[in-house]
Every structure is written in structure tokens, then in C-alpha cells.
Amino acid sequence: MIPDTGGTYFLPKLLGRQLANYLAFTGKKLSAEESKSHGLVAEVFAEEEFNSKSMEILEKMANMPTAAIKLTKKAFANSYNNTLKEQLELEADLQQEAAGTEDFIEGVNAFLQKRKPDYKGR
């Protein structure tokens with residue numbers, strides 16, 4: 001058997017070919033801390049804190065301007081195949097699109113009124 005579920009696609013891109021090969025050829029498993037140091041995970045929590053800390057992050061993300069998050073994901077997804085010039089053009093287009101959203105207006109108004117924004121994802 002070989003690595004699957006995208007392992008042969010993602011691991012070399014995330015870890016570099018040498019480390020991806022090493023892990024696949026030796027079957028070595030990475031600890032949570034090693035995974036974090038290699039950029040595979042963003043945070044590591046003690047088991048007893050996992051649920052509360054995870055929910056904290058999820059709640060924060062849920063209160064972000066989801067329209068802008070969607071556009072950011074689109075920009076990141078395209079960055080792998082774009083030249084720098086193409087990526088800068090895409091960013092300019094997506095920034096223009098973001099500036100036309102209700103979330104953008106809400107964010108500006110909340111900032112000016114010194115209150116927490118109430119984003120709607122539009």
C-alpha cells in the first residue's frame with residue numbers, strides 16, 4: 001500500500017520532498033509538537049484543554065467577516081499556480097470585491113463607532 005487520501009499530494013508540498021519521503025518510507029509518526037514545528041497544525045493543546053481551546057478558536061472564526069475569509073481562501077488556493085504578477089492582479093480584483101460587501105461596510109462602521117462588528121457573510 002502507498003500513502004493515500006491526498007498524502008502524496010499534500011505532504012511534499014507541506015513538508016518538502018525529503019521529509020515526506022522519510023515519513024512515508026519509515027512509517028514514522030509525528031508527535032503533536034513535531035507536527036506544529038513542521039507547520040502541519042497551527043496549535044497544540046493539552047488533552048484536558050482541547051475542547052475549550054478549540055471552541056474558543058471556532059467561535060473567533062465564526063465571528064470573522066466570512067465574505068472576506070471566502071475571498072482569502074480563493075486567493076490562497078490560486079497562489080499555487082499563479083505567477084506573482086497574476087497573484088497581485090487577483091488580489092486587486094478580490095480586494096475590490098471585498099470592498100463591495102455588506103461585511104466591509106459593517107466592519108468600517110463598527111470601527112468608527114468603536115463597537116464589535118456583526119458580520120453577516122454578505
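Remember, predicted model here, so these are calculated numbers, not experimental data.
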- Check: Ile57 and Phe45 side chains under 4.5 Å, non-hydrogen atoms: yes
- Hphob cluster co-occupancy, Leu58 + Met64, side-chain heavy atoms under 4.5 angstrom: no
- Leu88 with Leu71, same ILVMFWY side-chain cluster at under 4.5 Å: no
Is it true that [X] and [Y] have a side-chain N and a carboxylate O under 4.0 angstrom from each other?
{"X": "Lys60", "Y": "Glu56", "result": "no"}
{"X": "Asp118", "Y": "Lys120", "result": "yes"}
{"X": "Arg115", "Y": "Glu106", "result": "yes"}
{"X": "Lys28", "Y": "Glu34", "result": "yes"}

- Message: Closer than 3.5 angstrom, by distance alone: can the side chain of Ser52 be matched with the main-chain N or O of Glu49 as a donor-acceptor pair?
- Response: yes
- Please answer whether the main-chain N or O of Tyr119 pairs with a side-chain N or O of Asp103 as donor and acceptor at a distance below 3.5 Å. no
- Who passes side-chain contact (heavy atoms from CB on, under 4.5 Å) against Leu15, sequence neighbours left out? Leu11, Leu19, Leu23, His38, Leu40
Pairwise distance [atom1]([X]) to [atom2]([Y]) - rounded to 0.5 angstrom:
{"X": "Glu91", "Y": "Ser79", "atom1": "CD", "atom2": "OG", "result": "9.0 Å"}
{"X": "Leu30", "Y": "Lys36", "atom1": "CG", "atom2": "NZ", "result": "15.0 Å"}
{"X": "Asn63", "Y": "Glu59", "atom1": "CG", "atom2": "CD", "result": "7.5 Å"}
{"X": "Glu48", "Y": "Asn51", "atom1": "CD", "atom2": "CG", "result": "11.0 Å"}
{"X": "Met61", "Y": "Thr66", "atom1": "CE", "atom2": "OG1", "result": "11.0 Å"}
{"X": "Lys85", "Y": "Leu90", "atom1": "NZ", "atom2": "CG", "result": "13.0 Å"}

At their closest point, which heavy atom of [X] faces which heavy atom of [Y], and how far apart are they?
{"X": "Ala24", "Y": "Pro3", "value": "CB-CG, 4.0 Å"}
{"X": "Ala32", "Y": "Val44", "value": "O-CG2, 3.4 Å"}
{"X": "Pro12", "Y": "Gly7", "value": "CD-O, 3.6 Å"}
{"X": "Gln87", "Y": "Ala75", "value": "NE2-O, 2.9 Å"}

How about [X]: does its [atom1] atom have over 12 heavy atoms from other parts shown lying under 6.0 Å from it?
{"X": "Gln113", "atom1": "CD", "value": "yes"}
{"X": "Tyr9", "atom1": "OH", "value": "no"}
{"X": "Lys74", "atom1": "NZ", "value": "no"}

